[in-house]
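Accompanying notes for the structure given below.
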Amino acid sequence: MAWRCSGGTNEELIRNMASKGLIKNDDVKEAFIKVDRAHYAPNFAYEDSPQTIGYGATISAPHMHASALEYLLPFIKPSTTHPGRPRRILDVGSGSGYLCHVMAELAGDDSKVVGIEHIQGLVDLGRDNMARSPAGRSLLDSERVRFVLGDGRKGWKEPTSAEGGAEWDAERDGWDAIHVGAASKGWHQELLDQLRRPGRMFIPVEDPRGGWQDIWVVDKDEEGGIEKRKLFGVRYVPLTDAEEQLKR
Ligand code: SAH
């Protein structure tokens, strides 16, 4: 069982997870080893379990982060088909900031990771947690990772990098990978629109009949075609309004 996995150190936790098959990919394993979960999880950092982080939010269990990373990996690792094009990754509901750090480790030097939160305290928490390590501080200083405030259901449009203030463009300014860390009530068109071609989104979605959620992987192909695949049942915090969440 996933929750039985633990370790005395970060590296021990990750190696135990790998030996139990909860982390399958070596790049993912190495990236996890580089990021000390104790900087992001307030308690029991080296246990494979979710932990509350305040504001009605949780840091997900490491095996859920591993699964998300392994599904998104072809869109996080430096691209082989577009070698000159640095990765752009959006983490909706970045919470503790942990996954942003691991994704930045995987994505390589020129990549950009944006974590979006709808509660200022969680924007600050992600940034403060990341600042606890020299590697994290360097990601923040170089702006390879940024934490921003906004409603993640609408995605995030960075101010355009183009000269002369050109319009936002999905191919240049959109995302190779979108990770959604909270359960959505439906498909948010703006998130799909902001995926690059090709691009992939990993998203927990509430079943319309209520009562449960499933992880879906949504692929956008080179022509802009969308394909959705349902993977497995999960239990996430809802993707909602800030006021609703703070009532929890
Ligand atoms: N992935 C993070 C947090 C998971 S908890 C981690 O593992 O640390 C889900 C997060 O989604 C919470 O932090 C919550 O504040 C955020 N969230 C919920 N609805 C949101 C919305 N509409 N926009 C942005 N973030 C949202």
Side-chain angles (χ1 to χ4, degrees), residues 60 64-65 67-82 85-95 99-100 103-104 106-107 111-118 145-162 166-210 212-242 244-245:
S60 301
M64 270 317 305
H65 281 148
S67 172
L69 288 172
E70 290 185 346
Y71 278 104
L72 290 171
L73 194 62
F75 298 84
I76 293 180
K77 277 180 69 173
S79 171
T80 46
T81 48
H82 299 84
R85 187 162 98 162
R87 291 303 200 185
R88 297 176 52 80
I89 300 157
L90 182 66
D91 187 17
V92 174
S94 47
L99 196 63
C100 290
M103 291 196 291
L106 281 163
S111 60
K112 177 140 198 130
V113 179
V114 173
I116 183 166
E117 263 298 336
H118 63 161
V145 177
R146 293 203 322 119
F147 293 99
V148 300
L149 179 69
D151 184 346
R153 291 170 290 193
K154 299 187 168 66
W156 178 254
K157 290 186 174 181
E158 289 272 90
T160 81
S161 52
E167 298 242 312
W168 187 91
D169 172 78
E171 282 318 291
R172 189 190 53 222
D173 308 311
W175 310 105
D176 298 278
I178 299 179
H179 172 263
V180 183
S184 170
K185 279 210 162 44
W187 306 103
H188 293 287
Q189 190 57 42
E190 278 151 303
L191 290 175
L192 299 178
D193 291 345
Q194 289 178 24
L195 275 178
R196 278 174 155 174
R197 305 176 179 194
R200 178 172 288 179
M201 174 160 74
F202 179 100
I203 182 170
V205 182
E206 286 181 25
D207 188 277
R209 288 162 287 181
W212 72 93
Q213 313 158 354
D214 297 292
I215 290 291
W216 290 73
V217 162
V218 184
D219 279 335
K220 189 187 266 188
D221 65 25
E222 299 267 358
E223 282 75 47
I226 296 282
E227 190 189 295
K228 298 177 177 139
R229 276 184 291 151
K230 185 158 89 170
L231 300 181
F232 47 83
V234 284
R235 181 173 280 272
Y236 274 66
V237 168
L239 187 67
T240 183
D241 299 323
E244 278 303 309
Q245 185 174 322

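Count residues from 1 along the sequence.
- Taking 4.5 Å as the limit, every side-chain heavy atom of M201 sits out of range of all side-chain heavy atoms of K220.
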Which side-chain N or O atoms in residues 212-219 pair as donor and acceptor under 3.5 Å with protein atoms at least two apart or in another chain?
from	atom 1	to	atom 2	distance (Å)
W212	NE1	D214	OD2	3.4
Q213	OE1	Y236	N	2.6
Q213	NE2	Y236	O	3.0
D219	OD1	R200	NE	2.6
D219	OD2	R200	NH2	3.2

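- A177 and L72 get closest at one heavy-atom pair: CB-CD2, 4.2 Å.
- With sequence neighbours left out, the side-chain hydrogen bond (donor to acceptor under 3.5 Å, both in side chains) criterion links R87 to D176.
- Between G152 and L191, the closest heavy-atom pair is O-CD2, 3.5 Å.
- A 6.0 Å sphere centred on NZ of K77 holds no more than 12 heavy atoms belonging to other residues, nucleotides or ligands.
- Put simply, the side chain of Q194 reaches to within 4.5 Å of the side chain of K157, judged on heavy atoms.
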Could you give me the CA-CA distance, side-chain angles and deciding distance for D173 and K112, then say whether salt bridge (charged side-chain N to carboxylate O under 4.0 Å, His left out) is met? CA-CA 11 Å; D173 308 311; K112 177 140 198 130; over 6 Å; no
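- Inter-residue side-chain proximity for H188 and L239 is flagged as met; some heavy-atom pair is nearer than 4.5 Å.
- Formation of a donor-acceptor pair under 3.5 Å by the W187 side chain with backbone atoms of L192 is not found in this model.
- Salt bridge E158/R88: absent, no basic N to carboxylate O contact under 4.0 Å.
- The closest donor-acceptor contact from the side chain of E117 to the backbone of G95 lies under 3.5 Å.
- Remark: E171 pairs with R85, D169, R196, R197 by the side-chain contact (heavy atoms from CB on, under 4.5 Å) rule, at least two apart or across chains.
- Side-chain contact check for H179 versus I89: every heavy-atom pair is 4.5 Å or farther apart.
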